[in-house]
Structures are given as C-alpha cells and as structure tokens.
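To start, the structure under review is shown below, and the notes come after it.
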Amino acid sequence: RWLKNGGIFLMQYLKSLCRYFLLPVSMAAVLLTACAISDRASGGRTSEPANKSAQPDTFEHYDAKTLTAQHDFDQLMHQLFLDEVDGSLISLHYTLADPAAYGITDYPKTFGGISLEQSQEAMSQTAELLVKLENLDSRLLRQDQLLTYRILKSYLTTQLSAKGLELYDQPLSSSLGVQAQLPILLSEYAFYSKQDVEDYLELLSTIDFYYGEIAAFEQQKTEAGLGLCDAVIDRILASCDAYLLDADHSFMAATFAERLEALPDLTDQEKQDYIARNHQMIDEHFVPAYQLLIDKLTALKGTGGNDKGLCYLPEGKRYYEYMVNSSTGTSYPTIEELKSAMGAQMLKDLKAMNALLTKDPSLADQMYSYSFKLTDPNQILEDLKEQCTRDFPPIDDCSYTIKQVPKALEGTLSPAFYLTVPLDRPEDNSIYINGGSTNSQKNLYSTLAHEGYPGHMYQTQYFNKHNTCELRKLLSFTSYSEGWATYVEYNSYSLDNGLSPELGQLLQHNSAFTLALYAMLDINIHYEGWDLNKVQEYLEQYFQINDTSIISTIYYDVAENPANYLEYYVGYLEIANMQEMAKNQLGAGYTDLGFNTFLLDMGPAPFTVIRNYFEAWLAGGGQAPAIAGGLPALFFPSTLHLAA
C-alpha cells in the first residue's frame, strides 16, 4: 500500500479532526514581543501556470485517444481508492458504511499494521505509483482530472522524500498518538447491521496484537538510536492509565450498549449476548493492550538519549523538512522563508493589537471578562449556520450530534473535535466537546465555528458533495483542513456574537499571534535546536512566563508533536495571505463569498498546487478556473460513479 499504512495513517487521520491545544498567553506579555519578531518580507514561491496543459474545450476535440485516456484515469483513481480504503477496518468503516455497494465484501478485520518492513514496502509502492502516474499523458485529461493528477503527484513526491527515514515515524504521543485517540474511534464505531457488531468485536479482539506491533516498532526505534526520552514516555504512560478500567467501569462498555439500540432487529437476548462478549473483549484484550504498552514503554525508560528536537537526531533536520512539507503543503520553498513569512504576519497582528489598545486601553481588561451571547452548543451552531449564508456558499442541511468527551479522558484529549462521516452516510456528524478545557462563555462559540459551521463539518460536507473523485477523500492534507477551520474560527470573532467589534478584532489578532508563537517554537525546537533552557529563557524574557511547570508543558507539547502547530498556523497563514492578495488585486470586485467559494471548490490539497490555481483565479478577475470537467459524465463511462 502506498498510503501511510496501519496506525501511522490512522494517526494522520485523527490529527486532521482534532483541535489543537493552546495554553493561554497573557495580553500584557504579547505586547512585549515586537523586538523578537522578524519583519522580513514574505518568501518567494515556486509557481507553475494552473492551465499549463492544453485542454480541449469543444466536443470536436474529444477524439478516441482523449476519451480513452480520461476513462483510464478515472478507472485508475477508482481502483486506487478500492485498494486503499480497506487498509484497516477502522479506515474502511469510517469511509464507507456500506462497502458492499462498492464491491468490497471481503476485507481484513484488523487495525492494519505497523512495522519497518511494511513502511518500506509502502515506500516502494509509492515509487511505482509515481512512475505509473508520470507515464500518463496529462495533456489529455479533463480539468478536474488534471487537478487530481497534480495533487496526487505532489503527495507521492512528498512521501518519497522520506525514503530511508521510516523509523522516524512516531505513532505514540500523549494527546495525539494512536493510543490516545483510537478509543474514541472505537466508541463511535457505528452499527448499521449485525455484521458491523461482529466486525467490531473481532476487531477489538486484535487490539493487544496491534499494540504489541507498536511496542516492537518502538523497540526498533530505540535500537536505532531514535527512542523516546523518559519525559515523553512518562507523558504517554499517563495517557494510557485512563484506559485501565474494567468493563464495568469503562465508557467503552457504555457506548457499546448505546450503539446496539440503533439496531431495531436485535432481540433483548441478542443484545445481552453482545454486551457480554464486549465486556469480555474489554477485559481480555482492550485493557491488557494498554497494560502491554505501559510495560513495554516502562522497560524502554533510560534508553532514549534525545530529549530535544528532531534536529539532534542523525537525519532529524531532513525528516523535519519532510514533516513540514507533508503536514503543511506550504508554498514557501524553504523553512527559512516560511519562518520569515510567519514572523511578518506575527508583526502585523502585534501592530494591530497595539493600535486597538492605544485607541481604547479598556479592551485589555475586557479580554479577561468577556462572554459570548450564546453558550448552548446547539444554539451556537444554528446561529453560526444562519450567519454563514452571506459569505459562504450554501450546502444542504446536515444533521449532527453534540457529545461530551468522557470525564476520564478530558485530560488527554483535545478541547474539541469533529469526526468525519462515511461517504455514504453524510447525516452521521458528531462533534465532541471537552468540558475540561472548553469554556462555554469564553471559547465555545469560536470552537464550534472551527469544528462545525463553517469549519470542519461544513467544509467536509461541501467537499463530499462537490468532489467526484473518492480517492481525494483518502489523501490527507490537514493544513488545508485545519487552516480553513482556523481561518473561519478567527472570522467568528467578527460576527454578531455579543462582542464589540473592537474586542472581537483584538481577540482575533491575539489568537492568531498565540498560535503563531507555538508554530514558531516548533521550528525553533526541531530545526534550530532550541532546548528546554532556551525556550524557558525566551518565554521569561518576552512573555514573563516563569512557571517552570507551564514552560515544561509548552516545551514537551511541541517537542512531542513535530509540525502539529504548523499544520494549523501555516494553513491559516497561506489562506490569510491569499485573501489579502485578492483584496488588493481585485479591489471592489473582491467578495468574501467569491474567495471562500474558490477555496472550498479546490478542496484539500497542498498549497503548492492551490497557489497556482489561485493565481489563475486572480488573473481571471476572481472567476474560478474550470476544474469541474468538460463534458457530462455520460461521455466518460466509469465505475467511479456507478459504484455509488
């Protein structure tokens, strides 16, 4: 398989859904940072005309060769989708509620696998697929196919840049690792039929074997000199402790019983039998899996020598460069140019905050006492949906369920997250709120803008409806998704939400600056080599943060999850820069609706690809490039559409 396999792919999948952790940074401290920020101009970008290939635009130009090439491309994309979607039962079930409708009736009931050998095999298959793709004549493709071609080529090329670095992958971390996130996916595993229940129980029976593979992978990393340091191991161990509960006290048992109620054809006796079997799986496999991880990781303490950033590992800088490109898809050619652009945006936000506070000093106090006018999550989502109608293209109403993170997991999970729905079940949206870190008065409104309307849920539903290539829904471009969600989250401060316009602007700039600070620390720790002492010195000097426990938490949150904060901030930065450019170039012709529609129609993709289409969009006066295809699907027979 050429996609990230097993738990590594699963971890990327989960990270695309989860809201980042942000520790508070005081406003007074923020105002002292101007001298620490670069004011250099934005870096250069590589650029390729979006319409480089000659595209047929009339029926006469669609000769047999062209039709065959387009048909073959659709077939290849569809076959790749089918080959990859069942890499694990979790991936399959969260992508397709009814895989039989796609001809998938025989599939492995496992979590996939994690091993050096599998990763190396996936890398070889990636190289083979790239050769196959490059052998296609892209000049014959429709515009929508050409976009997919460019996105896939970029994805494969980026993955291949990590060849030889497979052991640098890290499936475990305290908050974003497989062990922290997998239970939520299991607890949300929907039961549409009895077969789903049987599949789930069989899957759960393999979790101890799966975690054994992860432990063996960690052992290999340690033997190669790439092992986890003791501080990170302790953080992971703490996250595992939350799952050492027998079935009588586990949220896994409670949610299982609730999901059974969705199956009306089950008798009471069948329900009891299933509940008993689930209890057995929890006690005999789930809990032992976490105990196994605890035991194996504990045994590795004292063997990991690096408690600093990636750059201290033998090829750590090269791997970090791969992670930045893979996680952000940034259009900036080098990390140095990206860092310069980040510094320039930080300075803009800082100047904007200074201007607001100079005009009205009372805003500083209001930052600590404000509240949004709505605090009920359902009312907030409905309010956001209504206010989105002016600046965002419409979508069909989508149902959703608001859920609370189990109390036992509040300390290890994100403040909120949205779970994507199967392609054939768009109505099954779930948004989780972590009551331990989400304040209903202070940040629930903006959090639900990030996760719901017009954030992840809205963007996912829009993309699923307008995009016809299922393969694109398997490719992970989290910086686009998180950049979009962060962009609309900050936009929510300017809505009719109970805040004054000036306070809303101040909160928006402060949030952007704070996220940028974490993203900048990410580069400084993993690429520039800052250690804990250097981070402490920086935070004390420019932010007056001198609590060593807070500083340590900040440091290890960043050190443990390379490029995590960059996924959010760089995506936001790319979008903000494009928006500013569009406003300047289009003038009175610019509208938020037009800009937002362009981004949504593009869908998840590397910004290296998006920027080329954006420049064509600007050159056309803000009119979207033709990417939807030339002729009706009738002229291009493909099982891609028939399968649905």
Side-chain angles (χ1 to χ4, degrees), residues 4 11-23 25 37-38 42-43 45 154-155 158-159 161-162 165 168-170 173 175-177 308-311 316-346 349 414 450 476-487 489-490 511-530 535 538 554-578 604-608 610-611:
K4 285 280 189 181
M11 189 168 114
Q12 285 190 332
Y13 175 74
L14 293 197
K15 285 179 68 176
S16 72
L17 313 179
C18 297
R19 184 172 164 78
Y20 52 85
F21 283 92
L22 267 184
L23 296 175
V25 174
I37 303 170
S38 168
S42 298
R45 298 179 175 85
S154 174
Y155 178 90
T158 299
Q159 294 304 312
S161 69
L165 303 177
Y168 281 73
D169 279 331
Q170 183 52 55
S173 73
S175 60
L176 298 178
K308 304 180 184 68
L310 283 175
C311 65
K317 271 203 167 186
R318 178 187 157 203
Y319 186 69
Y320 185 67
E321 289 169 347
Y322 154 73
M323 287 203 73
V324 170
N325 288 327
S326 175
S327 298
T328 73
T330 181
S331 63
Y332 292 94
T334 67
I335 290 179
E336 288 79 6
E337 290 171 289
L338 173 61
K339 187 177 179 180
S340 176
M342 290 167 57
Q345 183 60 46
M346 290 175 76
D349 285 316
S414 298
H450 184 109
S476 177
F477 298 104
T478 52
S479 198
Y480 169 93
S481 303
E482 295 298 354
W484 169 267
T486 303
Y487 157 70
E489 173 191 346
Y490 294 166
S511 295
F513 185 92
T514 304
L515 178 57
L517 170 64
Y518 281 75
M520 193 69 83
L521 284 176
D522 196 304
I523 294 176
N524 287 334
I525 289 171
H526 292 289
Y527 200 70
E528 305 293 348
W530 285 21
V535 170
Y538 175 73
I554 292 174
Y555 177 81
Y556 283 108
D557 276 346
V558 176
E560 193 180 347
N561 302 290
N564 176 52
Y565 289 102
L566 287 174
E567 288 182 358
Y568 294 82
Y569 187 72
V570 174
Y572 164 73
L573 176 68
E574 295 273 3
I575 291 173
N577 285 346
M578 284 189 285
F607 287 101
T608 50
I610 293 173
R611 283 300 296 243

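All values derive from a computational prediction rather than experimental measurement. Count residues from 1 along the sequence.
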CA sep, side-chain torsions, deciding dist, call: T330, T608, side-chain contact (heavy atoms from CB on, under 4.5 Å): CA-CA 6 Å; T330 181; T608 50; over 6 Å; no
Any donor-acceptor pair under 3.5 Å from S479 side chain to E567 backbone: yes
Side-chain heavy atoms of V324 within contact of L566, under 4.5 Å: yes
Worked check of side-chain contact (heavy atoms from CB on, under 4.5 Å) between Y569 and Q345: CA-CA 11 Å; Y569 187 72; Q345 183 60 46; 3.2 Å; yes
S340 side chain vs E336 backbone, donor-acceptor pair below 3.5 Å: no
Side-chain donor or acceptor of D349 paired with backbone N/O of A512 under 3.5 Å: no
Within-4.5 Å side-chain heavy-atom neighbours: N561 and Q170: no
N/O donor-acceptor pair under 3.5 Å between E574 side chain and S331 backbone: yes
Min side-chain heavy-atom separation F607-T328 under 4.5 Å: no
Side-chain donor/acceptor of H526 to backbone N/O of G309, under 3.5 Å: no
Pair Y538 and W530, ring centroids less than 6.0 Å apart: yes
For S161 against T158, the heavy-atom pair lying closest together: OG-O, 2.5 Å
Beyond-backbone contact of K317 with L310, side-chain heavy atoms, under 4.5 angstrom: no
Exam field: side chain Y490 to backbone S511, donor-acceptor pair closer than 3.5 Å: yes
Within-4.5 Å side-chain heavy-atom neighbours: Y319 and D169: yes
Full working for side-chain contact (heavy atoms from CB on, under 4.5 Å) between Y527 and E321: CA-CA 8 Å; Y527 200 70; E321 289 169 347; 2.9 Å; yes
Close side-chain approach of E560 to L176, heavy-atom, < 4.5 Å: no
Ring centers of Y568, Y565 separated by less than 6.0 Å: no
Heavy-atom check, side chain of Y320 versus side chain of C311, under 4.5 Å: no
